[in-house]
Amino acid sequence: MIDPVLLRENPDVIRASQVARGSDPGLVDVALQADADRRSALAAFEELRAEQNVFSKKVGQAQGDEKKALLAEVAQLAARVKEANAAATAADEAYTDAARKIQNPIIEGIPSGGEDNFVTLREVGTVPTFDFEPKDHLELGESLGAIDMTRGTKVSGARFYFLRGIGARLELALMNLALDRALEAGFVPLITPTLVRPDIMQGTGFLGEHSDEIYYLPADDLYLTGTSEVALAGYHSDEIIDLTNGPLRYAGWSTCYRREAGSSGKDTRGIIRVHQFNKLEMFVYTTPEEAEAEHDRLVAWQEGMLQSLGLAYRVIDVAAGDLGSSAARKFDIEAWVPTQDAFRELTSTSNCTTYQSRRLETRYRTESGKTAPVATLNGTLATTRWLVAILETHQQADGSVIIPEALRPYLGGMSVITPVGA
RNA sequence: GGAGACGUCGCAUAGUUCGGCCUAGUGCACCACCCUGCUAAGGUGGAGUCCUCGUAAGGGGACCGCGGGUUCAAAUCCCGCCGUCUCCGCCA
């Protein structure tokens, strides 16, 4: 939800943001009008209500004929109050609807344009080269007895898989490494619910144009979350949180569910794009002033993980047109995937400024003691997809895979994975 | 799944019988000042959240889990939902 004061006082900023995103700037004028309508309707109602309150008090004290007279007088007023109340409620809803359609104003200076207009901030690590024909992650995964796609499909359908043996262990090792890193950085670990109520899903901004990406259980009116961000954002909803000791940082682990409705035919091989995976997500509540600096810290923690795993990657500043509605700025880290001869997204970190917190009513006390919406940020610290880059990057000519040193303590010291039966 | 009890301004509670003296009282915690004087205590005052009008001072309105309804008037009556607790059943 956008800041109504910004809307009123500086609509041009929001218009410009809408244009940069390739969205409709006309929504700003609709919202402005709705805001004006809403306030005048509210004023009209409140004036009538004040009048009625005075009358009611008199009625309560009056007796006999005087009371009868007052009642006759006030009956009509009551009807008008009711009408005005309904009008004010309707106007308020109209404003909320209009305001919700407007996306989070982007942070000035981010790239404009669409998916291909990102700016590469830096490339780190050496892109691996091979003196043999590298195998892709699925071929490796199958020969290592780590990924079983065939049976995943048999049991659950396309885009489902089993992680098995060393594959299952590798994933848990990765998650544990990420969790330890998060703990070092002061994050509070949380294992989150993966089914959430509609208002929470709505509040995080996921029920907009991408609602067909989300699994829904009509019998229970619950949504399956595609990321623990949803539950983490809802964690402090409707609360006034204490930020005097610094940001609240949470590391949420959960299984994530995505319908991948709009991506049929894309990334159909292996575990790059699947309906279900695991993820350790960082989520931060902080002041709006601190948000941009925190955003940089989140990227740094992500880079630390990728570097420890020996992956080559680049950090990109995502263009306005490719941002979700909640994000004011987003950095993706893409790791090199040898058999695709391309960088593929492994992490994403968004600065949602106060957009989510306004919807979810998460506030803090400023130094002056007033309440104000907090800023929220989120970012990936590890997901199942990372296995793709790890397996492919560290493969050897004989089909074995060297385990990055950072993961070895979580695998009983194991340093290499060899093909099953080899 | 069945039965019952409950949900009040940070926490704990009063208020719900019989709708209006509730602009929701009290205790604790909190803030300021005063008194006292020091491992105490006492006094006075203040203080919730949100919206809205106003340059301001200061007004107005909403909020008693949430949403409806009845009424001139709802914390209080009615309906639905959510949640908590207790007991029973079921499962582990």
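So that the names make sense, note that chain A is the first sequence line, chain B the second, and so on, each numbered from 1. All values below were derived from every heavy atom in this structure, side-chain atoms included, with hydrogens, water molecules and symmetry-related copies excluded.
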| said: Let's test this: given Watson-Crick or G-U wobble pairing with both distances under 3.5 Å, identify the partner of B:G37. | reply: none
| query | Contact class for A:Lys82 (heavy atom, under 4.0 Å): base, sugar-phosphate, or nothing? | reply | sugar-phosphate
| message | When you measure from the side chain of A:His295 to the backbone of A:Leu377, do you find a donor-acceptor pair of N or O atoms at a distance under 3.5 Å? | response | no
| request: Please give the nucleotide sitting opposite B:U84 as a Watson-Crick or G-U wobble pair, both distances under 3.5 Å, or none. | output: B:A5
| message | Over all strands shown, is A:Glu47 touching base, sugar-phosphate only, or nothing at heavy-atom distances under 4.0 angstrom? | response | nothing
| field | Protein-nucleotide distance (A:Glu46, atom CD; B:C53, atom P), rounded to Å | value | 9 Å
| Is there a donor-acceptor contact under 3.5 Å from the side chain of A:Arg38 to the main chain of A:Ala91? | no
| message | Only pairs with both distances under 3.5 Å count, Watson-Crick or wobble alike; so what is the partner of B:C28 in this structure? | response | B:G10
| task | Indicate whether OP1 or OP2 belonging to B:C50 is found under 4.0 Å from a side-chain N or O atom of A:Arg358. | result | no
| task | Could you check which nucleotide pairs with B:U23 in any of the strands shown, counting Watson-Crick or G-U wobble with both distances under 3.5 Å? | result | none
| query | Which part of the nucleic acid, if any, lies within contact of A:Arg38, taking any heavy atom under 4.0 Å across all strands shown: a base, the sugar-phosphate backbone alone, or nothing? | reply | sugar-phosphate
| task | Take A:Arg314 and A:Glu334, measure what salt bridge (charged side-chain N to carboxylate O under 4.0 Å, His left out) needs, and give me the verdict at the end. | result | CA-CA 5 Å; A:Arg314 68 180 182 191; A:Glu334 301 177 329; 2.6 Å; yes
| query | Across all strands shown, which nucleotide pairs with B:C77 by Watson-Crick or G-U wobble geometry, both distances under 3.5 Å? | reply | B:G69
| message | If only side-chain N and O atoms count, and only distance matters, is there a donor-acceptor pair under 3.5 Å linking A:Asn278 with A:Thr384? | response | no
| task | Look at all strands and tell whether A:Asn53 reaches a base, only sugar-phosphate, or nothing, counting heavy atoms closer than 4.0 Å. | result | sugar-phosphate
